[in-house]
Amino acid sequence: MLQIHAAVAARLTPVTLGSAALAALTAYADGVCGGRLLIIHVSPSAIQPRDLDDAPGGGLAEAAAAAKDIDGLSLVVLEGANRSPLESSVVPQLQMMEIGLSPLASVRGLRLAATLVVGATTVPVSSQLWSYATAIYSEPS
């Protein structure tokens with residue numbers, strides 16, 4: 001949890017790996033964010049940043065609107081982010097947040113996190129991601 005919290009406090013995107021990746025982020029959201037958590041299951045069809053805004057069950061735009069008036073932290077997890085090409089879906093979103101052009105940039109307490117999955121439906125992780133993120137291997141305990 002300390003690694004995840006350090007990444008969140010530094011405004012980096014914690015990217016968790018391993019069998020307990022989603023569980024670690026869910027536990028962090030329960031403990032630190034008061035349960036304010038949105039999990040977006042990334043599909044291979046997410047090839048542009050706006051595809052994350054229109055995700056089933058609520059996307060990034062909806063999360064920004066919900067977290068706008070909250071003083072504490074809220075977490076959005078891009079579950080299985082490497083199911084889509086990160087350099088065209090997630091990295092542009094992080095770049096836009098950094099320069100203040102994303103609706104997420106105006107919401108002080110909203111943080112992005114991601115999990116990476118292993119399998120046939122995944123794509124290689126772009127090296128561009130690591131300018132905005134840090135990898136955390138979550139081991140089950």
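What you see is a predicted model; the values in this text were computed from it and never measured.
A 6.0 Å sphere centred on CD1 of Ile99 holds more than 12 heavy atoms belonging to other residues, nucleotides or ligands.
Between Leu94 and Leu129, some side-chain heavy-atom pair lies under the 4.5 Å cut-off. Leu73 places a side-chain heavy atom less than 4.5 Å from the side chain of Tyr28. Side-chain contact between Met97 and Leu112 is present, with heavy atoms from C-beta onward closer than 4.5 Å. Between Leu86 and Val125, some side-chain heavy-atom pair lies under the 4.5 Å cut-off. For the pair Val117/Asn82, a side-chain contact is recorded, criterion being any heavy-atom separation below 4.5 Å from C-beta on.
The line from CG of Leu12 to OG of Ser131 is 10.0 Å long, rounded to the nearest 0.5 Å. Between atom CE of residue Met96 and atom OG of residue Ser102 there is a gap of 5.5 Å, rounded to the nearest 0.5 Å. Note that the CG atom of Leu38 and the SG atom of Cys33 stand 12.0 Å from one another [nearest 0.5 Å]. Rounding to the nearest 0.5 Å places OG of Ser127 at 9.0 Å from CD of Glu87.
By the criterion of side-chain heavy atoms lying less than 4.5 angstrom apart, applied directly or through intervening Ile, Leu, Val, Met, Phe, Trp or Tyr residues, Val91 is grouped together with Leu52 in one hydrophobic cluster. Note on Leu60 and Leu110: same hydrophobic cluster, where clusters join Ile, Leu, Val, Met, Phe, Trp and Tyr whose side-chain heavy atoms are under 4.5 Å apart, directly or indirectly. Leu78 and Leu75 are not part of a single hydrophobic cluster, where members link through side-chain heavy atoms under 4.5 Å apart. Under a hydrophobic-cluster definition in which Ile, Leu, Val, Met, Phe, Trp and Tyr are linked whenever side-chain heavy atoms come within less than 4.5 Å, directly or via other members, Val90 and Tyr132 are assigned to the same cluster. Clustering ILVMFWY residues whenever any of their side-chain heavy atoms sit less than 4.5 angstrom apart, transitively, puts Val76 in the very cluster that holds Leu116.
Side chains of Ser138 and Thr16: a donor-acceptor N/O pair is absent below 3.5 angstrom, by distance only.
Taking each heavy atom of Pro14 and Ala7 in turn, the nearest pair found is CB-CB, 3.9 Å. Contact record, Thr115 with Glu79: OG1-CA, 3.3 Å, taken as the closest heavy-atom pair. Considering all non-hydrogen atoms of both residues, Thr13 and Ala114 come closest at CG2-N, 4.3 Å. Across Ser88 and Ile47, no two heavy atoms sit closer than the pair OG-O, 3.0 Å. Listed here is the closest heavy atom pair of Val107 and Ala67: CG1-O, 3.5 Å. Listed here is the closest heavy atom pair of Val42 and Arg83: O-CD, 3.3 Å.
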Taking it one step at a time, do Leu25 and Ile4 satisfy side chain to side chain contact (heavy atoms under 4.5 Å, CB included)? CA-CA 8 Å; Leu25 292 172; Ile4 294 171; 4.0 Å; yes
I'd like to know whether Val32 forms a side chain to side chain contact (heavy atoms under 4.5 Å, CB included) with Met1, so could you lay out the CA-CA distance, the side-chain angles of the two residues, the decisive distance to 0.1 Å, and finally the verdict. CA-CA 10 Å; Val32 177; Met1 290 301 130; over 6 Å; no
May I have the step-by-step check of side chain to side chain contact (heavy atoms under 4.5 Å, CB included) for Gln3 and Tyr137, ending in yes or no? CA-CA 10 Å; Gln3 292 173 322; Tyr137 183 72; over 6 Å; no
Using the rule given for side chain to side chain contact (heavy atoms under 4.5 Å, CB included), can you reason through Val15 versus Trp130, listing the C-alpha separation, both sets of side-chain angles and the distance that settles it, and then say yes or no? CA-CA 9 Å; Val15 177; Trp130 305 118; 4.2 Å; yes
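A donor-acceptor distance shorter than 3.5 angstrom exists from the side chain of Thr26 to the backbone of Leu22, with no hydrogens or angles considered. Distance alone, capped at 3.5 Å, places no donor-acceptor pair between the Arg108 side chain and the Ala105 backbone.
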